[in-house]
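Presented below is the structure to which this report refers.
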2 protein chains.
Amino acid sequence: MATGRTHRPATRSRGIPEATVARLPLYLRALTALSERSVPTVSSEELATAAGVNSAKLRKDFSYLGSYGTRGVGYDVEYLVYQISRELGLTQDWPVAIVGIGNLGAALANYGGFASRGFRVAALIDADPAMAGTPVAGIAVQHTDDLDRIISENGVSIGVITTPPGAAQQVCDRLVAAGVTSILNFAPTVLSVPEGVDVRKVDLSIELQILAFHEQRKAGEDTTAEDEGAPPMRATPTGRKGPDGDMPAVMPA
Amino acid sequence: MATGRTHRPATRSRGIPEATVARLPLYLRALTALSERSVPTVSSEELATAAGVNSAKLRKDFSYLGSYGTRGVGYDVEYLVYQISRELGLTQDWPVAIVGIGNLGAALANYGGFASRGFRVAALIDADPAMAGTPVAGIAVQHTDDLDRIISENGVSIGVITTPPGAAQQVCDRLVAAGVTSILNFAPTVLSVPEGVDVRKVDLSIELQILAFHEQRKAGEDTTAEDEGAPPMRATPTGRKGPDGDMPAVMPA
DNA sequence: ATGTCTTTGTGAACGCGTGCACAAAGATTG
DNA sequence: CAATCTTTGTGCACGCGTTCACAAAGACAT
Ligand SMILES: NC(=O)c1ccc[n+]([C@@H]2O[C@H](COP(=O)([O-])OP(=O)(O)OC[C@H]3O[C@@H](n4cnc5c(N)ncnc54)[C@H](O)[C@@H]3O)[C@@H](O)[C@H]2O)c1
Ligand SMILES: NC(=O)c1ccc[n+]([C@@H]2O[C@H](COP(=O)([O-])OP(=O)(O)OC[C@H]3O[C@@H](n4cnc5c(N)ncnc54)[C@H](O)[C@@H]3O)[C@@H](O)[C@H]2O)c1
């Protein structure tokens with residue numbers, strides 16, 4: 001922290017670790033809840049518990065913001081809410097476009113949690129001509145033909161892709177060409193984008209597969225180490241389990 | 001790799017790094033695509049590109065599986081598909097229960113990508129009595145009152161929570177009590193679970209906020225370093241930007 | 001059989017993220 | 001004002017994950 005009191009508190013901005021950035025929204029959520037209950041201050045310990053993280057980690061995270069806690073007291077809730085919001089860029093509102101208004105796209109469009117955090121659904125775009133004009137969540141769906149114009153006119157820089165996987169890369173290219181520089185991709189596809197464009201993906205299948213892996217491991221360790229009479233340890237799906245154990249399988253020639 | 005040929009190829013199972021596990025589904029997806037095109041073998045380089053990762057990382061990942069590549073040739077696609085599927089526990093099918101059949105829950109229920117990867121929607125559960133019996137995606141919604149029985153009867157060990165945030169912890173507790181040991185949580189809540197239960201979360205708002213952070217940083221670095229006449233570099237949302245720059249803000253007393 | 005050429009599997013170095021543990025800062029009390 | 005008590009901010013060490021770079025393994029040609 002270097003004793004010298006540089007009058008600029010926060011601006012260590014350049015260099016907030018990615019892992020920290022990913023946790024800021026978590027802190028913000030917990031702080032917002034406290035703020036609504038009019039709690040004036042929190043200790044790192046309390047807040048860490050609420051956010052589900054280690055308190056030392058939380059303090060270190062805040063130290064990157066140059067944040068002002070008060071030793072012996074804790075952090076000022078309102079002040080932190082503002083600081084984190086600012087750091088995340090949530091003092092502005094971000095117009096977002098959703099492309100591919102099917103099951104998932106429609107669900108997202110209807111989701112209220114967007115607006116409450118500074119994001120505004122500015123446009124819904126779909127390739128199906130039949131959908132053009134149809135209102136979803138109170139917003140008329142527009143056709144892909146106008147994608148470029150829609151993005152430009154609304155100043156959209158964040159795009160959400162909820163099209164089928166086959167269309168994702170193409171849609172992505174068009175979004176980027178139109179000026180979008182951040183993409184949230186729900187299609188199970190690896191998108192390639194030019195430098196300077198951020199892509200984050202949400203993949204339900206991957207999450208489930210990771211869970212399945214651990215689930216299987218739990219089951220396996222039961223049968224290996226512990227006795228089988230362990231009470232509440234299922235983890236053997238669908239009943240079938242029997243003669244399937246190792247299977248040398250296909251093996252290449 | 002230790003020259004000695006222990007007849008058991010894979011079973012280095014205990015000790016696959018978490019980061020590797022998280023990438024296996026990615027590889028699997030890429031391999032499945034190759035398999036459908038009847039491609040017999042791939043090099044680590046090709047596969048890595050398809051999966052969007054570094055080839056050295058991919059090779060190291062496979063080495064944890066004790067995988068058999070062939071030097072000078074690459075990996076046998078079918079064999080790898082099987083090995084990874086087995087490692088992830090996808091040779092079995094996993095019955096999944098979705099709790100909270102609203103916008104998102106219904107979208108997930110309708111999603112086809114489940115079944116194709118070894119997961120089966122075994123039950124849809126909602127607290128709204130009006131929904132009980134209503135078919136969603138061809139499955140009748142059941143009432144929360146029967147949650148325990150439903151989980152038990154179907155041998156569900158993976159639960160998906162898509163209820164409002166306020167209900168999430170309670171639903172989680174009931175799922176765990178009923179025998180669920182893996183939870184995928186879409187509600188913006190920190191769930192607390194007993195040891196041995198895995199929780200993964202999907203949080204759209206967090207993803208957007210992370211994107212917003214980087215988006216803002218891109219914009220900020222423009223105004224600092226480069227001239228303002230830069231052509232395709234938007235990243236200033238909603239036009240308003242002016243007298244708002246620093247704002248000493250509330251500051252604690 | 002020998003040599004060349006391709007590609008794997010991994011040793012080693014590095015960087016990031018995490019968590020412990022504690023000195024210092026400040027509040028609070030007497 | 002001094003003593004005490006609480007809680008921050010961070011130095012430090014450790015472990016995980018990533019990446020480079022290369023020896024060895026094997027395919028393939030001659
Ligand atoms: N529904 C889910 O729960 C879920 C879960 C995980 C992943 N996903 C993925 O999300 C994506 C969407 O899923 P869904 O269930 O909503 O599918 P969906 O078929 O219901 O909707 C897709 C929509 O995209 C539109 N579309 C197709 N091509 C387009 C194009 N080139 N430009 C613009 N729009 C186009 C279609 O008209 C349709 O309205 C898929 O990639 C799917 O794999 C969905
Ligand atoms: N819709 C989205 O795109 C989206 C995006 C991100 C996060 N989320 C989160 O996902 C969750 C669901 O969102 P949604 O838009 O589908 O909400 P929704 O209101 O449409 O659906 C919630 C459903 O849960 C049911 N429910 C309420 N309490 C319950 C209980 N105790 N047990 C069982 N069921 C119960 C309700 O009857 C309703 O059908 C929310 O937590 C939301 O924050 C949604």
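If you're wondering where the values come from, they're calculated on a predicted model, not measured in any experiment. Residue numbers begin at 1 in each chain, while the letters A, B, ... track the order of the sequences.
How far CD of Gln83(A) is from CG of Leu65(A): 7.5 Å, rounded to the nearest 0.5 Å. For the atom pair Leu175(B) CG and Ile158(B) CD1, the distance stands at 12.0 Å (nearest 0.5 Å).
Applying the ring pair (Phe, Tyr, Trp, His ring centres under 6.0 Å) definition to pairs two or more places apart or across chains, those involving residues 17-36 of chain B are Tyr27(B)-Phe62(B). A ring pair (Phe, Tyr, Trp, His ring centres under 6.0 Å) check over residues 32-57 of chain B, counting only residues at least two apart or in different chains, returns nothing.
Going from atom CD of Glu45(B) over to atom P of dT19(D) covers 13 Å, rounded to whole Å. The CZ-C1' distance, from Phe62(B) to dT7(C), rounds to 14 Å in whole Å.
Of the side-chain N and O atoms in Thr70(B), none sit less than 4.0 angstrom from OP1 or OP2 of dG26(D). Side-chain nitrogen and oxygen atoms of Ser44(A) include at least one within less than 4.0 Å of the OP1 or OP2 phosphate oxygen of dT8(D).
When every heavy atom of Gly159(B) is checked against every heavy atom of Val180(B), the shortest pair comes out as N-CG1, 3.7 Å.
With hydrogens and angles ignored, the 3.5 Å screen pairs no side-chain donor or acceptor of Ser43(B) with any backbone N or O of Val73(B). Using a distance-only test at 3.5 Å, with no hydrogens or angles considered, a donor-acceptor pair links the side chain of Gln216(A) to the main chain of Arg86(B). Using a distance-only test at 3.5 Å, with no hydrogens or angles considered, a donor-acceptor pair links the side chain of Thr162(B) to the main chain of Gly100(B). The backbone N or O of Ser55(A) lies less than 3.5 Å from no partner atom in the side chain of Glu45(A), so there is not a single donor-acceptor pair.
For dA24(D), its base sits under 3.5 Å from the side chain of Arg71(B) at one donor and acceptor pair at least.
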Per-pair distances, 0.1 Å, donor-acceptor, side chain in residues 30-42 of chain A, under 3.5 Å, sequence neighbours excluded:
unit_1: Thr32(A); atom_1: OG1; unit_2: Leu28(A); atom_2: O; d: 2.7
unit_1: Ser35(A); atom_1: OG; unit_2: Glu78(A); atom_2: OE2; d: 2.6

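Side chains of Ile183(B) and Ile161(B) form a contact here, defined as non-hydrogen atoms less than 4.5 Å apart.
Within 4.0 Å of Tyr75(A), counting heavy atoms only, lie sugar-phosphate atoms of the nucleic acid but no base atom.
Remark: DNA chain C takes part in the stems C:1-30 with D:1-30, each of 3 or more antiparallel Watson-Crick or G-U pairs, criterion distances under 3.5 Å.
Closest-nucleotide positions on DNA chain D for Asp61(A) and Val73(A) were compared, and the one nearer the 5' end corresponds to Val73(A).
The stretch residues 20-40 of chain B touches DNA chain D through Arg23(B), each having a heavy atom within less than 4.0 Å of the strand. Proximity of residues 47-60 of chain A to DNA chain D (heavy atom under 4.0 angstrom from any strand atom) is restricted to Arg59(A), Lys60(A).
Closest to the side chain of Glu18(B), out of dG17(D), dT7(C), dT8(D), is dG17(D).
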